[in-house]
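First comes the structure, then the notes that go with it.
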Amino acid sequence: MRILVATSILLLILAVAVPAAAPIQLHRITKADETTSTHLSLDFSALPAHRLEVSGQRVDLFLTDADASTLPAPPEDGKVLKVLLARKGPELMVSFLLRTAPASVKVLTDAENRRLLLHLDWGNGRAPARLAISRNAPRLTALQGGEVVKNILEGKDFAASWQRFCEDHETPLRVAVPVRYALPPLPLLVFSPATTGAVGARLAQGVEALRGGSWRRARELLDAVAPEGLQGVDREAYALLFGETLLRLGESARAQTVLDEFLRAFPESLLRSRALYLLGYLRALRGEPYDSGFLLDTLQQTATDAAYYRQLGRLLQAEVELATERPKAALANLDQEPLAAPLSLYGERVRADALFDLGDSAAALDRYRALGEQIRAWGAFPQSLARLAEACYRKGDFAAAVARYAELAQVAGNDSAGNLAAFGHARALIRDGRVDAGMSQLRTLAAGPEGEEAAQRARLLILDREVLAAPAEKGFMKVLDYQQLGVTAASRELREEAAFKHVLLAALQSVDRSSLGFLEEFIRQHRQGRFRDFAQALLNEILPRVIRLEVGRENYFGALVLVEKYRDRLVALGADSGLLLDLGSALRRLGLLDKAAEVYFYMLDAYRGEAGEEPFYEPLLTVLAARDDHRLVIEYADRYLERFPKGALRSEALFYKLKALTARKAYPEAAKILTSTELKRTLELDFLAGTVFWEVADMNRTAESLARALADPAARAAHPQHLLLWAEAEFSRKRHDAALPLYRELEGVAGLADQARYRQGQILLALGRRGEALKLWEDLAEKGEAPQWRQAASGALFAETSR
């Protein structure tokens with residue numbers, strides 16, 4: 001036992017003494033983009049074990065015992081949209097969400113630098129992008145209303161286009177009037193009090209007053225009845241009739257107390273359905289729609305033999321659904337069963353309200369008009385009157401809208417709603433041709449409190465009218481007024497309308513970086529608003545103009561920022577590639593080769609598989625060659641040759657590839673281009689060919705190429721190294737008569753003269769002119785500058801004189 005204990009203690013000590021291994025740290029993630037591939041580099045403190053899972057546009061890299069708590073912001077842009085980190089047991093999961101699904105994914109290990117390289121190959125085609133993350137913008141022709149904005153922007157029929165825009169896109173007017181629920185006549189209770197004496201007589205008088213509709217007289221009588229003096233069914237009838245009387249007279253608190261007590265005291269009463277309906281109405285009236293709904297649901301379930309009360313409950317429930325902005329549910333309630341004749345009038349009014357709320361103003365107006373003869377006092381239902389007035393306005397019946405909004409202003413219930421109704425009245429007057437009266441009323445409203453919605457709507461409409469009346473003189477002066485309303489207006493819809501009109505006027509005044517900035521901010525703030533399509537159409541129109549303007553002003557960096565940000569949109573619009581090529585050329589002229597390359601990289605990536613891709617290759621290859629980035633020159637030349645095997649730039653791409661291969665000393669591949677492809681003969685090509693063929697020991701082609709390149713004596717003087725190669729090629733071919741004069745031309749060239757003189761000696765000896773050869777070598781051995789050639793000359797002399 002002691003040994004076991006001691007051993008356990010020892011193990012415990014060892015466990016405490018040895019610290020746990022520190023997790024491997026992921027220090028950084030960097031990214032390098034190429035047109036057909038992307039390379040992600042993950043640097044670690046030590047290489048972790050890893051596994052890869054690829055699912056469409058998601059690539060998951062699982063790293064064992066790794067941690068990324070200090071990882072800086074990972075690279076996220078057009079190709080790698082999001083980098084996510086998550087812990088899964090002992091593994092750190094690094095997920096890359098990509099814009100398009102890669103053709104292939106590989107993980108390479110760089111043990112020396114403790115690095116994992118994730119290679120994403122995009123392939124040659126454009127993979128489909130998910131709609132959720134696609135950045136391609138719709139073309140202008142696909143945008144609703146785009147032509148209106150285009151016409152306004154281009155100055156085509158300004159007044160008509162602006163008028164059409166205002167008429168079609170006014171912010172809907174909703175007047176928050178009190179909601180009044182219908183309380184149709186309830187079935188008459190056939191009731192003769194059983195209680196005798198003064199109490200019974202007073203109850204009988206109260207019932208009689210109710211039958212005659214004298215609610216106040218009935219309350220006085222029933223209020224004087226002592227409930228404890230009633231007998232039998234009189235107690236139920238009294239409580240229910242008194243509660244209904246109080247309710248109809250607006251004494252909701254007392255009515256609720258009485259009706260609640262009725263349900264508690266008489267749970268099995270045959271009059272329970274009537275009480276549930278009255279309580280449901282009371283709760284709705286007090287602004288408690290969910291409590292009302294519960295009571296009305298209970299009514300539907302329990303009133304199995306009281307069809308009229310069920311219909312009353314459905315009608316009231318439909319009104320409650322409307323009040324809580326659920327018009328579809330309201331229609332569903334009404335459609336469950338036909339309403340009895342006394343209730344159909346109320347049901348049709350509610351149905352018209354629901355159709356209006358669902359956006360079908362025409363159908364709603366038809367039903368309102370059909371009810372017009374039966375509902376003479378629309379003011380009894382202000383919520384319906386407000387919908388009716390706006391439906392008339394929206395469907396162009398401005399005279400009727402004038403009348404209805406005037407009625408609404410009288411029953412609106414508070415100053416704010418009344419002023420909004422007055423705004424609707426003024427707006428309808430203007431549309432009905434009574435402009436002076438309407439404008440006068442608008443000015444009165446506009447002078448109201450700064451933050452009041454009616455005042456803000458009036459100011460906005462006055463602005464519209466002033467711009468329409470004199471667009472040239474006043475239109476551009478109103479930009480700041482629209483801008484202010486776009487910030488301070490009471491409702492989001494009104495702010496959006498004012499803000500877009502500010503953006504539109506700013507663009508009309510001047511299409512420049514400032515107006516584009518206003519538009520970008522509008523799109524950011526109102527991404528899902530009513531004017532989204534118009535804003536996108538406007539962006540499509542002015543974006544190429546602003547880029548062209550920035551290039552014209554030589555603000556190349558500003559233009560480049562826009563190209564980087566909107567490259568996919570520019571492609572979707574079919575933007576003039578000449579503009580983008582001009583931008584790249586300007587950056588090249590300034591010596592900003594990296595920035596010029598960015599333009600071409602972005603556009604090649606965006607145009608992949610689209611018309612307009614081809615023209616970007618030639619300037620890109622030029623820039624890459626000027627940067628001496630020979631690897632990328634070869635990659636993009638190969639891509640061009642694969643994408644456009646019969647393209648107009650085929651020879652240029654081959655020539656750039658040939659130069660890059662030569663610079664990288666990949667002579668066999670360069671020679672293959674020269675021997676398998678017919679390139680246009682130029683002086684530069686002949687020089688390159690001479691060098692390449694020399695390196696692959698093809699002396700015949702070396703001599704042929706350099707003979708053409710150096711046919712002019714001036715060229716031979718300018719290129720002594722190539723002249724030497726030509727001479728050496730001829731010497732190797734044993735064409736001594738051709739080589740000898742070439743070597744003689746090199747006698748005065750420092751660094752090459754000794755070799756040329758030595759070769760001359762060899763040629764003279766071969767031609768049988770031994771004395772001249774020996775004399776030349778003797779002179780070289782004594783006076784030569786290069787040790788190796790002096791030594792060679794001495795050796796040659798010794799060999800010849802020792803025979």
All N/O donor-acceptor pairs, side-chain side in residues 418-426, below 3.5 Å, sequence neighbours left out:
| unit_1 | atom_1 | unit_2 | atom_2 | d |
| --- | --- | --- | --- | --- |
| N419 | ND2 | D415 | O | 3.3 |
| N419 | ND2 | E452 | OE1 | 3.3 |
| N419 | ND2 | E452 | OE2 | 2.9 |
| H425 | ND1 | Q441 | OE1 | 3.1 |
| H425 | ND1 | Q441 | NE2 | 3.3 |

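- One distance of note links CZ of R217 with CG of L221; it measures 4.0 Å at 0.5 Å rounding.
- Residues passing the side chain to side chain donor-acceptor pair (under 3.5 Å) test with S292, sequence neighbours excluded: none.
- With respect to the salt-bridge test (charged N to carboxylate O, under 4.0 angstrom), the residues E497 and K501 qualify.
- Contact of the S273 side chain with the Y308 side chain is not registered, since no non-hydrogen atoms from C-beta on lie closer than 4.5 Å.
- Scanning both residues, F356 and A391, for their nearest heavy atoms gives CE1-N, 3.7 Å.
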Should D481 and R459 be marked as a salt bridge (charged side-chain N to carboxylate O under 4.0 Å, His left out) after you check the CA-CA gap, both sets of side-chain angles, and the distance that decides it? CA-CA 9 Å; D481 293 333; R459 293 181 200 119; over 6 Å; no
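- Counting heavy atoms from C-beta on, the side chains of I430 and R465 come closer than 4.5 Å.
- With sequence neighbours left out, T257 forms a side-chain contact (heavy atoms from CB on, under 4.5 Å) with no residue at all.
- Taking N414 as the reference, S416, A417 meet the side-chain contact (heavy atoms from CB on, under 4.5 Å) condition, with sequence neighbours excluded.
- When each of Q317, Q336, R310 is tested with Q300 by the rule side-chain contact (heavy atoms from CB on, under 4.5 Å), just one qualifies, namely R310.
- For the pair R530/P172, a side-chain contact is recorded, criterion being any heavy-atom separation below 4.5 Å from C-beta on.
- Looking at Q456, its side chain does come within 3.5 Å of a backbone N or O of A490 through a donor-acceptor pair.
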Mind running side chain to side chain contact (heavy atoms under 4.5 Å, CB included) on L259 and L240 for me, showing each step along the way? CA-CA 7 Å; L259 292 171; L240 189 58; 4.0 Å; yes
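- Contact check for V207 versus R211: side-chain heavy atoms found under the 4.5 Å cut-off.
- To the nearest 0.5 Å, atom OH of residue Y405 and atom CD of residue E390 are 3.5 Å apart.
- Shown here for A330 and A318, the closest heavy-atom pair between the two residues is CB-O, 3.4 Å.
- Within 6.0 Å of CZ in R235 there are 12 or fewer heavy atoms belonging to other residues, nucleotides or ligands.
- From L263, atom CG reaches atom CG of L295 across 8.0 Å, with rounding to the nearest 0.5 Å.
- Annotation: the span from Y181 atom OH to R283 atom CZ amounts to 13.5 Å, rounded to 0.5 Å.
- Residues R349 and E319 are paired through a salt bridge, judged by an N-O separation under 4.0 Å between the basic side chain and the carboxylate.
- Rounding to the nearest 0.5 Å gives a distance of 6.0 Å between CG of L485 and CG of L460.
- In this structure, Q383 contributes its side chain and V177 its backbone to no donor-acceptor pair below 3.5 Å.
- Between the side chain of S440 and the backbone N or O of A437 there is no donor-acceptor pair closer than 3.5 Å.
- Between R457 and E493, none of the side-chain N atoms (NZ, or NE/NH1/NH2) sits under 4.0 Å from a carboxylate O, so this pair counts as no salt bridge.
- The nearest pair of heavy atoms linking F262 to S269 is CZ-OG, 3.5 Å.
- Looking only at distances, a side-chain donor or acceptor of Q311 sits under 3.5 Å from a matching main-chain atom of A340.
- When the side-chain contact (heavy atoms from CB on, under 4.5 Å) test is applied to R174, the partners found at least two apart in sequence or on another chain are D357, R387.
- In this structure, the side chains of T171 and E453 stay at 4.5 Å or more apart for every pair of heavy atoms.
- We find the NE2-CD distance between H526 and Q528 to be 12.5 Å, quoted to the nearest 0.5 Å.
- The pair E244-R248 counts as a salt bridge, with a side-chain nitrogen and a carboxylate oxygen less than 4.0 angstrom apart.
- You'll find the side chain of L183 stays beyond 4.5 Å of the side chain of L285, heavy atoms only.
- Nearest heavy atoms, K395 versus S361: CD-CB, 3.9 Å.
- When all heavy atoms of F500 and F534 are compared, the closest pair comes out as CZ-CB, 3.6 Å.
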Step by step, would you call L355 with D366 a side chain to side chain contact (heavy atoms under 4.5 Å, CB included)? CA-CA 10 Å; L355 289 171; D366 288 342; over 6 Å; no
Salt bridge (charged side-chain N to carboxylate O under 4.0 Å, His left out) for K328 and D335? Distances and angles first, verdict last. CA-CA 11 Å; K328 288 184 179 179; D335 289 340; over 6 Å; no
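- Every residue was checked against the side chain to side chain donor-acceptor pair (under 3.5 Å) condition with Y346, not counting sequence neighbours, and none meets it.
- Counting non-hydrogen atoms of neighbouring residues, nucleotides and ligands closer than 6.0 angstrom, the CZ atom of R216 reaches no more than 12 such neighbours.
- In this structure the side chain of I462 reaches within 4.5 angstrom of the side chain of M439, judged on heavy atoms.
- Side-chain contact between Y238 and V258 is absent, with no heavy-atom pair separated by less than 4.5 Å.
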Criterion side chain to side chain contact (heavy atoms under 4.5 Å, CB included) on L276 and L296, from CA distance to verdict: CA-CA 7 Å; L276 286 171; L296 296 174; over 6 Å; no
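- A donor-acceptor pair shorter than 3.5 Å can be found between the side chains of Y368 and D353.
- In the model, R495 has no side-chain atom that pairs as donor or acceptor with a side-chain atom of Q525 under 3.5 Å.
- When all heavy atoms are compared, the tightest approach of L299 to Y309 is CD2-O, 3.4 Å.
- Ring orientation note: the planes of Y277 and Y281 are tilted relative to one another, at an angle of 30° to 60°.
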Worked check of side chain to side chain contact (heavy atoms under 4.5 Å, CB included) between L312 and L186: CA-CA 9 Å; L312 278 170; L186 303 186; 3.5 Å; yes
